[in-house]
Colleague: 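This structure is in structure tokens; I'll ask about it shortly.
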Amino acid sequence: MGRVGVLLLNLGGPEQLEDVRPFLYNLFSDPEIIRLPFRWLQRPLAWLISSLRTQKSEDNYREIGGGSPLRRITEEQAIALQDNLQQDGHEAQVYIGMRYWHPFTEEALERIKRDRVEELVILPLYPQFSISTSGSSFRLLEKLWQEDPYFERVKYTVIPSWYKRQGYLNAMAQLIAQELDRFDNPDGVHIFFSAHGVPSSYVEEAGDPYQREIEECTELILRTLNRPNEHTLAYQSRVGPVEWIKPYTEEALVELGDRGVKDLLVVPISFVSEHIETLQEIDIEYRELAEEAGIDNFQRVPALNTHPVFIEDLAAMTLEALDGPSLKFEDVMRPEENFKMYPQERWEWGMTTAAEVWNGRLAMIGFIALLIELISGHGPLHYVGLL
Ligand SMILES: C=CC1=C(C)c2cc3[nH]c(cc4nc(cc5[nH]c(cc1n2)c(C)c5CCC(=O)O)C(CCC(=O)O)=C4C)c(C)c3C=C
Ligand SMILES: [Fe+2]
Ligand SMILES: [Fe+2]
């Protein structure tokens with residue numbers, strides 16, 4: 001066996017407040033996050049949306065100490081995985097490739113090349129697959145692979161999702177059981193699974209398996225946990241005006257409060273590290289909302305981070321991937337090449353859905369342009385260098 005590497009993929013997060021705006025710009029420049037009918041619109045729109053969202057995002061990051069802990073935790077996971085493999089007699093270098101912030105995927109590939117890695121396992125730190133997360137990183141990797149002939153030599157395999165693995169399920173069940181047992185009446189606690197949402201069109205039109213995988217993952221965790229508690233699954237972190245998959249976490253919490261639920265345990269399930277959505281959105285915003293709705297005892301299960309059972313399973317997954325058949329970028333699911341996130345496919349005259357969508361889009365662009373002009377004294381054409 002040649003030199004072995006493991007590439008951990010993750011989203012990345014701003015490490016300090018100054019990073020928030022460029023981080024958001026990178027995120028919204030990704031066509032897997034905002035898909036537009038014209039490529040040329042991507043960057044101006046990314047600039048616009050990131051500018052409009054920076055203040056709100058900065059306020060959120062300020063509430064958790066001024067930055068995301070994602071890099072630190074992912075580095076700890078990488079070290080723990082490398083040590084675990086080494087203790088079992090396997091020499092492998094673990095690399096981190098973030099999609100929207102440092103260390104970027106491009107930097108990881110440079111290191112992999114410099115170290116002359118010959119065999120590589122590509123392991124996204126997302127248990128479930130989504131076009132917007134693992135799919136986006138795979139698409140970028142495929143492009144980088146094609147651009148550099150060095151990578152023709154690298155034998156690689158991709159792990160698309162891994163939420164069914166018993167080691168992961170055991171680690172999740174252990175964490176939940178531990179938190180349940182802190183309540184006075186553990187069996188009476190309502191378990192609330194909160195997953196990061198995606199726009200409904202990803203699932204309904206692009207065939208993103210994300211929602212199905214989240215639902216199946218929830219069932220598998222509950223089966224492993226083997227407790228009698230009632231449960232709910234809902235989706236958090238909606239952004240923008242389009243419809244996202246339902247139920248929404250904020251609505252589900254209010255409904256449970258109205259039903260008289262007093263003890264609630266939140267389980268974040270689409271991510272394996274603490275991040276802004278757990279530390280700020282769940283621990284601060286949703287807690288406040290739940291308490292207002294009458295839920296007196298609101299607790300959360302910590303993210304897996306470097307839980308030893310989880311790290312052991314990442315190591316086992318790596319070794320199985322090295323021994324098993326290799327899976328290429330083109331083998332892992334992705335949307336149709338020219339798929340559009342909005343409902344129209346074919347133009348028809350009259351007040352059709354397509355016409356309404358276009359009216360809405362043009363009105364929105366006009367409105368935003370006006371807003372920018374009012375705030376800054378300069379119009380958008382000035383900013384993109386056209387005036
Ligand atoms: C599996 C997890 C995630 C999915 C699916 C996902 C889709 C998705 N996200 C946005 C927009 C934003 N995401 C942001 C931060 C963020 N997203 C995830 C995970 C998933 N996103 C994480 C873990 C984080 C936090 C990283 C950190 O800094 O700790 C943000 C920025 C933060 C904010 O302003 O709230 C945005 C914006 C979309 C549009 C989307 C699906 C299309
Ligand atoms: Fe996100
Ligand atoms: Fe959020």
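Note that ligands are numbered from 1 as they come in the structure, with each ligand's atoms numbered from 1 the same way.
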Colleague: If you measure from atom 13 (N) of ligand 1 to every heavy atom of Arg53, Arg71, Met98, His196, which option wins on shortest distance?
Modeller: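 The residue whose heavy atom sits nearest atom 13 (N) of ligand 1 is His196.
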
Colleague: Students often mix this up, so state it plainly: with edges at 30° and 60°, are the rings of Phe104 and Trp101 parallel, tilted or perpendicular?
Modeller: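 Judged by the thresholds at 30° and 60°, the geometry between Phe104 and Trp101 is perpendicular.
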
Colleague: What do you reckon, does Leu279 put a non-hydrogen atom under 4.0 Å from ligand 1?
Modeller: no

Colleague: Relative to the heavy atoms of Glu277, which atoms of ligand 1 are at a distance of less than 4.0 Å?
Modeller: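 Every atom of ligand 1 under 4.0 Å from some heavy atom of Glu277: 14 (C), 15 (C), 16 (C), 17 (N), 24 (C).
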
Colleague: From the options Arg72, Arg300, Arg71, select the one residue that forms a salt bridge (charged side-chain N to carboxylate O under 4.0 Å, His left out) with Glu274.
Modeller: Arg300

Colleague: Only heavy atoms of Leu27, strictly under 4.0 Å: list the atoms of ligand 1 that pass.
Modeller: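 Going through ligand 1 atom by atom, the ones under 4.0 Å from Leu27 are 11 (C), 12 (C), 36 (C), 37 (C).
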
Colleague: Would you mind listing which atoms of ligand 1 come within a distance below 4.0 Å of any non-hydrogen atom of Phe271?
Modeller: 23 (C)

Colleague: Is the shortest N/O to N/O distance between Tyr210 and ligand 1 below 3.5 Å?
Modeller: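 By distance alone, the answer is no.
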
Colleague: Do the side chain of Tyr202 and the main chain of Glu32 share a donor and acceptor less than 3.5 angstrom apart?
Modeller: yes

Colleague: Would Arg287 and Glu292 count as a salt bridge (charged side-chain N to carboxylate O under 4.0 Å, His left out) here? Give the steps.
Modeller: CA-CA 9 Å; Arg287 171 187 299 278; Glu292 275 167 23; over 6 Å; no

Colleague: At a non-hydrogen distance cut-off of under 4.0 Å, which region of Ile276 contacts ligand 1 (side chain, backbone, both, or neither)?
Modeller: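 It is both backbone and side chain that touch ligand 1.
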
Colleague: Hey, could you give me the OG1/CZ distance between Thr105 and Phe138, rounded to the nearest 0.5 Å?
Modeller: 11.0 Å

Colleague: Below 4.0 angstrom from a heavy atom of Phe28, which ligand 1 atoms are there? Numbered from 1 as shown, please.
Modeller: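 Under 4.0 Å from Phe28, ligand 1 has these atoms: 37 (C).
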
Colleague: Check whether any side-chain N or O of Asn26 sits under 3.5 Å from a backbone N or O of Tyr100 as a donor-acceptor pair, and report yes or no.
Modeller: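 Between the backbone of Tyr100 and the side chain of Asn26 there is a qualifying donor-acceptor contact (under 3.5 Å).
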
